[in-house]
Every structure is written in C-alpha cells, then in structure tokens.
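I have placed the structure first, in the form of structure tokens, so that the comments after it can refer back to it.
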Amino acid sequence: MIIISFLFFIGVFLIIGLLSARHKQSTNMDYFLARQEQPPWLVSLSAVATNNSGYMFIGLIGFTYTVGVSSIWIMVGWIGGDFLASLFVHKKLRIHTTKTQEITFAGVLANWHGTNYKKARFFAGVITFVFLGIYAAAQLSAGGKALHVLFGWNYSIGILIGAVIVMVYCFAGGIRASIWTDAAQSFVMITSMFLILVLAAVQFGSVGALYQAMKDVSDSYMNILPPHRTWGFSMAAFLLGWFAVGYGVVGQPHIMIRFMTMKDENHMTRVRLYYYSWHTAFTIITVAVGLAARTLLPHVVNFDPELALPTLSLHLLPKVLVGFVLAGLFSATMSTADSQILSCSATVTQDLTGGLDLKYHWSKVSTLIVSIFIISVALFGDKNVFSLVVLAWSVLAASFAPVLTVYVFNGKPSERTVLAMMIAGFACVIAFNHTGITDYKVPFGMFFAFAIFGCSLLLQQLRSSKENPKA
C-alpha cells in the first residue's frame, strides 16, 4: 500500500510536468526561461519549493533532531539575508535578462552593461556546472535515503527513480515543467509536514504535552541559543554567517532563474509576499517536526538523524499516508534537482561553448548528459546531504552574489576584476571548508570578493590621478 500510494502521487507530478509540454515552443528561450511569461504565484511557489529542498526535509530536520530548537537561528539568518537581497536585486535581474536577451544566469552577468565577458562567463559556467551538479546529487541522495528507510531498498534505487522522473518531465517541458511541478510539490511538501506534526501532538495527547516531552530530552535541547554560543559577539557572528548564506540566494542560478521567468518585473512585490509567507511557514513546521522526531525516536547509536522524517512517518501514519509523506519528501528533492539539471544544461549549451549558437535539440541532449553526470555523483559521492548542500550553496553564493550586487548598484568592473572577484570568493570558501571553520566561509568569501572590487576602484583612481595630476 505504501508503494502504491507513493507511486500515485509521484505519478501526479509526472503528469503535471508532461502536461506543461502542451504549452512549449521548440526554442531555447522557452526551454530555459518559459518565454518569461510566468505569473507571480507560480514564480513564488516554484522558488520556495526549489529553495526548500531535501536540505529542509532531510538536512534541517536531522540537524534539529541533533541540536534542538536553536537550529531555528540558521533559518532566521537565511530568510533575513534572502529578504534583504530581494529588495534590490531580483527586479533588476529580471530587467537585465530582457535587456541582454540572455537565457542563463552566467550570461546575464557576463553581458550586464552590454559587455561580452567570455572568460568570466566560461568560469562562471564551470562553477555552475560542477557545484550545481553536486547540489543536485545531494537532492537525489536525500531521496535515496528515504526509500532505503521505508522499503529497505539500496540507496541507488531511490537515486535512479528520482533522476529518471525528473529527467522525463524536464526533457518534455523544460523550465515550465519544472515550475509547474514545483508549485504542486510545494503544497504536498507543506501538507505532509503539517500532518506529521499534528499526529505527533496526538501521540502525546496535546501540544503542551509534546512540548514538555521536547524539554525532557535534555537540559539544553530547548535552549534558544545554539550550542557554545552566548548573547553578544559570538551570536552576532553566527547570525552574520547565516545571513550571508541567505543573501547568497542571489548567487544560486537555479533559484534566480525563477525570477528571470517573471512575466513582469513590476510583479516583484506580490512575488515577495507569496514567497516569504510560504517560506517562513515551511521553516517553522520543519523545525517543529525535527523536535517532535527526537521525542518519538530517542537517539540511539548508529541512527542517522537525516532519516528522522521517513522513520517517523512509519511510526505515526497508516500506510497510505506514509506514501503521501514519502511523495512530499521526494517532491522536495525533485523540485530542486530538476531546476539544477536545467540550469546545468543551459550552462553547457550557452556558457561553456564559447559563444556557439547551439540549436534547441542540443539543449535536450545536454539535459541527458547532465543527468548522467549528476546520477554518477549521487551514486558514488558523499551521501551527507547537509554538508554537500552547504558547500555547494556557499561556493555559488561567494562566487556570484558579490558580482551581481556590484552590478545592481551600477558598478562597472572590468572582466579581469569580475574574474578576480569570482575566484576570490570561490577560493576562500574552499580554503575555509578544509580548515573546518565552516560557519564564516560565506561572509569571508563575499568580503574578499568585494575587497577585490574595492581595490580595483582604488587602482583606477590612482591611475587617473597620475594621468591627470591637476585633477
């Protein structure tokens, strides 16, 4: 019954994606940007589903299960930084997408001021392909973990199921299929999480009893402060790190593409209202489910916290609803993986080809090639969803967000400066990741990228002073 229920809901998503193909045109603009015709509510729900992925269902629930209620601060910083970015970046990105007539995130960055920064575009394309590929592999790995717990299947089976479904509807309908299925998946995601939370409270008789059980886990489990943090500089530094991660949403091609598909840039206020209302509600429910899981699934040796949600659903739900929750979890992984596969496909055909005008059918071929690459990474790479997502997100944020921010405030860096900014952000994140100082790799990466731009301005002023000493 679990398998039948799960396959039914997954089949619904597949049908929705295939139906979107009825509206397609056989052009790259349609395949990768849906002709920039998407209404505010679809853009918003798709962006939320893409952002709130296997990271939330698997990673954040597992982290909350381990550390307690203080995990909420991660998302306070994340949503705060995300919101700040939306106030001045998203609308201008949409405007310049039309102005440049580019269909990839890297393409818009390379041509923002009418420039043609081929080297910067290629480097941005390489980073996008590698780290969005890693990110997508983490989503498929999350789906594999869920099926492993529920059915005892090998991890590879879940990875292959998720990849094939995503590949089929992306191949058929492109970004439009991704957006349509994201919207449907976002409803399943939040409904399944809410259902788990309600039934957890029923197990204890009331919300108050459930809360007391959470407090009883340990003396520190319901402490609002993160472990080893105090109010003051320590907490401010912690929040700054995650605020920078949230701001780094503007460096995530698979999310920013959603805003590039908006029908009208003047819809941004409505998009923001829908997006942050849904995002906040989903975060609160996710953390609450993580806390509830710890009360009903006491910590034991060799238990993987990232498997808390599927394990909890087996304990609480009738079989038909277990399939529904599993479909919700799979929805989360697919809603991000499909976006990343398409973003990588666009990068392959538009950013890594040296300006070749590849036709529409090559875009579909690239989708197939990218999918095979991502499946390989998921099957043979690291299976820790949380760490893989944070690394990929951090690299993309530090590499791209500073450049886009400079552009938005009308900065006009040279191609050499743009390249140096990207390399500085990327190198800093990788260096910090190897030292174990992971909380601050994004803000420091952004800081060094902005510092490169600041130095370039200073050098320009010095040159100008030497050439015009009287000035």
Side-chain angles (χ1 to χ4, degrees), residues 6 8-24 30-57 79 82 86 90 94 136 139 142-143 162 165-195 249 252-264 267-283 285-286 324-343:
F6 166 70
F8 171 79
F9 288 107
I10 293 300
V12 169
F13 300 140
L14 180 59
I15 290 170
I16 290 172
L18 293 175
L19 285 174
S20 72
R22 299 172 62 189
H23 298 266
K24 76 174 184 179
D30 186 81
Y31 192 67
F32 292 126
L33 281 185
R35 300 197 302 276
Q36 294 184 294
E37 294 179 342
Q38 303 310 297
W41 71 273
L42 264 180
V43 171
S44 304
L45 292 184
S46 177
V48 170
T50 299
N51 198 350
N52 296 338
S53 57
Y55 163 78
M56 295 283 275
F57 263 77
I79 293 175
D82 189 349
S86 77
H90 297 55
R94 169 61 178 79
Q139 306 310 310
I165 292 172
V166 165
M167 191 165 50
V168 167
Y169 68 69
C170 284
F171 197 82
I175 193 69
R176 184 180 290 102
S178 176
I179 290 173
W180 282 29
T181 54
D182 283 353
Q185 288 160 357
S186 66
F187 284 103
V188 174
M189 287 158 60
I190 200 166
T191 301
S192 60
M193 296 287 275
F194 184 73
L195 178 63
V249 72
Q252 311 303 315
H254 62 295
I255 298 176
M256 298 311 293
I257 283 290
R258 266 66 191 149
F259 301 105
M260 291 164 64
T261 67
M262 269 193 300
K263 187 173 184 178
D264 186 337
H267 289 163
M268 191 58 220
T269 300
R270 289 165 60 192
V271 168
R272 192 181 296 120
L273 176 63
Y274 300 148
Y275 175 82
Y276 290 103
S277 297
W278 201 266
H279 196 173
T280 301
F282 190 73
T283 295
I285 292 175
T286 300
F324 176 73
V325 171
L326 180 58
L329 193 156
F330 239 69
S331 299
T333 62
M334 290 193 301
S335 65
T336 301
D338 57 13
S339 312
Q340 291 160 337
I341 287 172
L342 286 168
S343 291

To the nearest 0.5 Å, what is the distance between CD1 (I190) and CZ (F282)? 6.5 Å

According to ring-ring contact (aromatic ring centres under 6.0 Å, His included), who are the partners of F9, at least two apart in sequence or on a separate chain? F324

Candidate pair I165 and D338, rule side-chain contact (heavy atoms from CB on, under 4.5 Å), full reasoning: CA-CA 9 Å; I165 292 172; D338 57 13; over 6 Å; no

Is the count of non-hydrogen atoms from other residues, nucleotides or ligands lying under 6.0 Å from K263 atom NZ greater than 12? no

Validation row: L45, Y274 side chains within 4.5 angstrom (heavy atoms): no

What I'd like to find out is whether the side chain of M260 reaches to under 4.5 Å of the side chain of L33, using heavy atoms alone. yes

So, does T280 use its side chain to make a donor-acceptor pair with the main chain of S277 at under 3.5 Å? no

Identify the two heavy atoms, one from I257 and one from I175, that lie closest to each other, and give their separation to 0.1 Å. CG2-CD1, 4.0 Å

Would you give the length of the straight line joining atom OG of S343 to atom CD of Q340, rounded to the nearest 0.5 angstrom? 7.5 Å

For the residue pair S178 and Y169, what are the closest heavy atoms and their distance? CA-CE1, 4.3 Å

Got a sec, which residues hit side-chain hydrogen bond (donor to acceptor under 3.5 Å, both in side chains) with Y275, two or more places apart in sequence or on another chain? N51, D82

For Q139 and T336, indicate whether the former's side chain and the latter's backbone hold a donor-acceptor pair under 3.5 Å. no

Between atom OG of S186 and atom NE2 of H279, what is the distance when rounded to the nearest 0.5 Å? 12.5 Å

With sequence neighbours excluded, tell me which residues meet side-chain hydrogen bond (donor to acceptor under 3.5 Å, both in side chains) with H267. none

Main chain of Q36, side chain of T261: is a donor-acceptor contact present, judged purely on distance under 3.5 Å? no

Please name all residues satisfying side-chain hydrogen bond (donor to acceptor under 3.5 Å, both in side chains) with R270, sequence neighbours left out, ordered by chain then number. none

Is the backbone N or O of V188 less than 3.5 Å from a side-chain atom of T191, with the two atoms forming a donor-acceptor pair by type? no

Out of Q38, E37, H90, M268, which residue meets the side chain to side chain contact (heavy atoms under 4.5 Å, CB included) rule with M262? M268

Return the OG1 to CD1 distance between T181 and I15, rounded to the nearest 0.5 Å. 13.0 Å

Roughly how far, to the nearest 0.5 Å, is the NE2 atom of H254 from the CG atom of L342? 12.0 Å

Work out which heavy atom in V271 is nearest to a heavy atom in F259; give both atom names and the distance. CG1-CE2, 3.7 Å

Can you sort out the partners of S46 under side-chain hydrogen bond (donor to acceptor under 3.5 Å, both in side chains), two or more places apart, ordered by chain and number? D182, R258

S20 versus R176, closest heavy-atom pair with distance: O-CD, 3.7 Å

By ring-ring contact (aromatic ring centres under 6.0 Å, His included), which residues pair with F194, not counting sequence neighbours? none

So which heavy atom on A177 is nearest to which on G17, and how close? CB-O, 3.5 Å

Output for pair (D264 CG, R94 CZ), nearest 0.5 Å, gives 7.0 Å

Heavy-atom closest contact (F171 atom, Y31 atom, distance): CA-OH, 3.8 Å

